[in-house]
K.L.:
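Okay, here's the structure, questions in a sec.
Because the structure is a prediction, the values reported are computed rather than measured.
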Amino acid sequence: MQRRGPGGWGSSTDPPSGPPVPGFDLETWDQPVVFGVDRIHQLGAELERLERKRPLVLCSWRRRRSEEFRHLAGGLGMTPNVFQGAEEHVPRPVVEAAWRAVREHDADVLVSFGGGSTIDLGKALVYVAMHGWEGFDRPTGEGQWVEKPIVHAAIPTTYSGAETTRRFWVAEGQEKRARGGPGIRPDLVVADPSLTLALPWKPTAGTGLTALAHCVEGIYSPPHTEWTDSVATRAARSIFRLLPVVSKGPMRVRERADLLAAAYAAGVVSDVAGVSLHQALCNGLGARTGIPHSLANAILLPHVMRFNLEAAQDGLALVAEALGTAGPAEAADAIQALSADLGLPQKLREAGVFGQDLEFVAAWTAERSPEAPHSPKPASATEMLAVLQAAW
């Protein structure tokens, strides 16, 4: 089976037509998406359409023991082979262990079942399959298109939006390296909101605010367009409205569906318009301290918005309009207030980050991060440290 481009399959059987993501016109976005309650039961049929018969499910050990895993296995119509070692921040040894499982089971399709780290693990394995370990270790981290030997189906269970992007990050030592390129975006997404009903309040809130951060950074990142601005503002408005509703009524599947759709749209914005200082600092913190990516996102977002206030006035004015606040400064305050109302930590130290780590994170971000230079306001290591200290 041959790929016809970075987003869709070309074969004797056509893929699903466009992403039917409710509430969003994603124009020419060409990633096949199956969206809706209980659509996980179509997974086996979708893999059969792609002519794939040997799935390897990627998940965490907790997810492996969940009720939702039984639904996944039922959708596959089999008891699948499983790699249950997915971890936060995708440590390099986890990628290596998962690759051994791919080889051991002769998998022809990866099914990443979980949040952003699990889906990024699937992308990492696709990258290795396409470029080998030598390519994986290239300094640029950007692979060219080559024949793709393995398919990746992403089953998101959080609101990270990782299922939409062609980039991923792997933790090596105390650093996170970005990689990606053509062919790395998952080939199929099955977005079933019923799989998010059991998601606890903290990852619900944290990953929801991660999706909101994708909207904010996408609006003021240099590659943004009128189209990405339109999608981002609509998604931001939905996320900001839905998170309090879902936190009070976690079993409200309709609202969960709308939130999952908005997170998907926010991920599209992130992939097209890019990320900048906020993502860079979150990556630096995650690799150095182990703080969950979603918590770092939630804590840092208003502080980075304030840092960029003058340089990104126009973009942040769109954010303010979407959130219904008086202006950009008030938008940052409103996001911080929402985070507090959702019960998330408001300071990095409340999430286990030590003050002595901040200088290392600021220096690494300034010197090594590929995302930081895209900040609307150029930031020195000293300025980055000030942002981190304000959040600490």
K.L.:
If every non-hydrogen atom of P149 is compared with every non-hydrogen atom of A129, which pair is closest and at what distance?
P.N.:
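Closest approach of P149 to A129: CG-O, 3.4 Å.
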
K.L.:
When you measure from the side chain of D271 to the backbone N and O of R166, does any donor-acceptor pair fall under 3.5 Å?
P.N.:
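Such a contact is found between D271 side chain and R166 backbone.
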
K.L.:
Do R185 and T164 come within less than 4.5 Å of each other through their side chains, counting heavy atoms only?
P.N.:
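They are not in contact (no side-chain heavy atoms under 4.5 Å apart), so the answer is no.
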
K.L.:
Heavy atoms only: give me the nearest A379-L277 pair and the separation to one decimal.
P.N.:
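For A379 versus L277, the nearest heavy atoms are CB-CD2, 4.2 Å.
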
K.L.:
So does R39 have more than 12 non-hydrogen atoms from other groups sitting under 6.0 Å from CZ?
P.N.:
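More than 12 within 6.0 Å, yes.
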
K.L.:
Where is the tightest heavy-atom contact between C59 and F113, given as atom of each residue plus distance?
P.N.:
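Nearest heavy atoms, C59 then F113: CB-O, 3.5 Å.
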
K.L.:
Is the shortest side-chain N to carboxylate O distance from E172 to R179 below 4.0 Å?
P.N.:
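Yes, E172 and R179 are salt-bridged.
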
K.L.:
Please name the pair of heavy atoms, one in E163 and one in P156, separated by the smallest distance, quoted to 0.1 Å.
P.N.:
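Shortest heavy-atom separation between E163 and P156 comes out as OE1-CB, 3.7 Å.
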
K.L.:
Answer yes or no: is there a donor N or O on one side and an acceptor on the other, between the side chain of E383 and the main chain of S380, under 3.5 Å?
P.N.:
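Present.
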
K.L.:
Evaluate whether atom CG of D314 has more than 12 neighbouring non-hydrogen atoms of other residues, nucleotides or ligands under 6.0 angstrom away.
P.N.:
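No, because the 6.0 Å sphere around CG of D314 holds 12 heavy atoms or fewer from other groups.
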
K.L.:
Residues in side-chain contact (heavy atoms from CB on, under 4.5 Å) with E310, at least two apart?
P.N.:
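Checked E310 against side-chain contact (heavy atoms from CB on, under 4.5 Å); zero matches.
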
K.L.:
Taking side chain as C-beta onward, heavy atoms only, is P80 less than 4.5 Å from V111?
P.N.:
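No, their side chains stay 4.5 Å or more apart.
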
K.L.:
Test side chain to side chain contact (heavy atoms under 4.5 Å, CB included) on I299 and E350 and set out the steps.
P.N.:
CA-CA 10 Å; I299 294 169; E350 296 171 13; over 6 Å; no

K.L.:
With a 3.5 Å distance limit and no angle check, can you tell me whether N81 reaches the backbone of H105 through a side-chain donor-acceptor pair?
P.N.:
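Not at all, since once roles are kept as given, no pair shorter than 3.5 Å links the two residues.
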
K.L.:
Rounded to the nearest 0.5 Å, how far does CD of Q279 lie from CG of L300?
P.N.:
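Separation between the atoms: 10.5 Å.
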
K.L.:
For the pair Y127 and F168, evaluate ring pair (Phe, Tyr, Trp, His ring centres under 6.0 Å) and give the outcome as yes or no after the intermediate values.
P.N.:
CA-CA 10 Å; Y127 197 98; F168 63 94; 5.8 Å; yes

K.L.:
Please check if atom CZ in R349 has more than 12 non-hydrogen atoms from other residues, nucleotides or ligands closer than 6.0 Å.
P.N.:
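Buried by this count: over 12 neighbours within 6.0 Å.
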
K.L.:
For S276 and S375, which heavy atoms make the closest approach, and how far apart are they?
P.N.:
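That closest heavy-atom pairing would be CB-N, 3.6 Å.
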
K.L.:
I'd like to check L110 versus F83 (side-chain heavy atoms, cut-off strictly below 4.5 Å). Are they in contact?
P.N.:
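L110 does not reach F83 side chain to side chain.
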
K.L.:
Might you confirm whether atom CD of E321 has over 12 heavy atoms from other residues, nucleotides or ligands at distances under 6.0 Å?
P.N.:
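Open.
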
K.L.:
State, without any angle test, whether K123 and T165 hold a side-chain donor-acceptor pair at a distance under 3.5 Å.
P.N.:
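Checked: K123/T165 side chains pair up, N/O donor to acceptor below 3.5 Å.
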
K.L.:
Do R306 side-chain atoms and A329 backbone N/O form a donor-acceptor pair below 3.5 Å?
P.N.:
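Checking the backbone N and O of A329 against the side chain of R306, no donor-acceptor pair under 3.5 Å is found.
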
K.L.:
Nearest 0.5 Å, what's the CG-CG distance between L242 and L260?
P.N.:
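Atom-to-atom, L242:CG and L260:CG are 11.0 Å apart.
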
K.L.:
Quick check against the 3.5 Å criterion: does E51 have a side-chain atom that pairs as donor or acceptor with the backbone of R49?
P.N.:
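Pair absent, no side-chain N/O of E51 close to backbone of R49.
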
K.L.:
Would the distance check show the side chain of R65 and the main-chain N or O of W61 forming a donor-acceptor pair, the cut-off being under 3.5 Å?
P.N.:
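Present.
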
K.L.:
Taking atom CZ of R54 as the centre, report whether more than 12 heavy atoms of other residues, nucleotides or ligands fall under 6.0 Å from it.
P.N.:
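Yes, enclosed.
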
K.L.:
Under a 4.0 Å N-O cut-off, is there an ion pair linking D106 with K53?
P.N.:
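Salt bridge between D106 and K53, a charged N being under 4.0 Å from a carboxylate O: no.
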
K.L.:
Consider only side-chain N and O atoms of T196 and Y159, and report whether a donor and an acceptor are under 3.5 Å apart.
P.N.:
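A donor-acceptor contact under 3.5 Å links the two side chains.
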
K.L.:
Flag the pair R167 / V275 as yes when at least one side-chain heavy-atom distance between them is below 4.5 Å, and no otherwise.
P.N.:
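No, side chains not in contact.
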
K.L.:
With a sphere of 6.0 Å drawn around CD of Q356, does it hold more than 12 non-hydrogen atoms of other residues, nucleotides or ligands?
P.N.:
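Yes.
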
K.L.:
Pair H293, S117 - check side chain to side chain contact (heavy atoms under 4.5 Å, CB included), show working.
P.N.:
CA-CA 9 Å; H293 189 67; S117 291; 6.0 Å; no

K.L.:
Does any part of the side chain of R70, heavy atoms only, come nearer than 4.5 Å to the side chain of E67, both counted from C-beta?
P.N.:
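Yes - at least one pair of side-chain heavy atoms lies under 4.5 Å apart.
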
K.L.:
So how far is it from I184 CD1 to K148 NZ, rounded to the nearest 0.5 Å?
P.N.:
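Output value for this atom pair is 6.5 Å.
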
K.L.:
With distance as the sole test, does T207 use its side chain to make a donor-acceptor pair with the main-chain N or O of P203 at under 3.5 Å?
P.N.:
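Here the side-chain-to-backbone pair exists.
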
K.L.:
Less than 4.5 Å apart, side chain to side chain, heavy atoms only: is that true for N297 and H278?
P.N.:
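Yes; the side chains approach each other to less than 4.5 Å.
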
K.L.:
Assess the side chains of T157 and R63: does a donor N or O sit below 3.5 Å from an acceptor N or O?
P.N.:
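Result is yes, a qualifying pair exists.
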
K.L.:
May I have the step-by-step check of side chain to side chain contact (heavy atoms under 4.5 Å, CB included) for F69 and Q84, ending in yes or no?
P.N.:
CA-CA 11 Å; F69 185 89; Q84 59 178 21; over 6 Å; no

K.L.:
Could you check whether any side-chain N or O of T233 sits under 3.5 Å from a backbone N or O of S230, counting only pairs where one atom can act as donor and the other as acceptor?
P.N.:
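A pair under 3.5 Å: yes.
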
K.L.:
Whether the S270 and E217 side chains hold a donor-acceptor pair (N or O, under 3.5 Å, no angle test) is what I'd like checked.
P.N.:
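No, no side-chain donor-acceptor contact under 3.5 Å.
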
K.L.:
Should the pair F136 and W133 be assigned to parallel (<30°), tilted (30 to 60°) or perpendicular (>60°) ring geometry?
P.N.:
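Aromatic pair F136/W133 classed perpendicular.
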
K.L.:
Is it true that a side-chain atom of S60 and a backbone atom of A86 form a donor plus acceptor pair closer than 3.5 Å?
P.N.:
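Flag not set: sc S60 to bb A86 has no pair under 3.5 Å.
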
K.L.:
Under 3.5 Å, is there a donor-acceptor pair linking the side chains of E371 and W169?
P.N.:
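Indeed, the side chains of E371 and W169 share at least one donor-acceptor pair under 3.5 Å.
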
K.L.:
Are the side chains of R288 and W364 in contact, using a 4.5 Å heavy-atom criterion?
P.N.:
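Of all side-chain heavy-atom pairs linking R288 with W364, none is under 4.5 Å.
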
K.L.:
Please give me the minimum heavy-atom distance between L342 and A205, naming the atom from each residue.
P.N.:
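What the structure gives for the nearest pair is CD1-CB, 3.8 Å.
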
K.L.:
Backbone N or O of P250 within a donor-acceptor pair of the W201 side chain at under 3.5 Å?
P.N.:
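Not a single qualifying donor-acceptor pair exists.
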
K.L.:
Using side-chain contact (heavy atoms from CB on, under 4.5 Å) as the criterion, point out the one residue from D357, L348, L358 that pairs with T289.
P.N.:
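That would be D357.
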
K.L.:
With heavy-atom distances below 4.5 Å as the criterion, would you say the side chains of D192 and H41 are in contact?
P.N.:
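The answer is no; the side chains never approach within 4.5 Å.
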
K.L.:
Decide, yes or no, whether a salt bridge links E96 with R92 under the criterion of side-chain N to carboxylate O below 4.0 Å.
P.N.:
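The answer is yes: the pair qualifies as a salt bridge.
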
K.L.:
Quick one, L281 with H303, criterion side chain to side chain contact (heavy atoms under 4.5 Å, CB included). Give me CA distance, side-chain angles, the key distance, then yes/no.
P.N.:
CA-CA 11 Å; L281 289 172; H303 297 281; over 6 Å; no

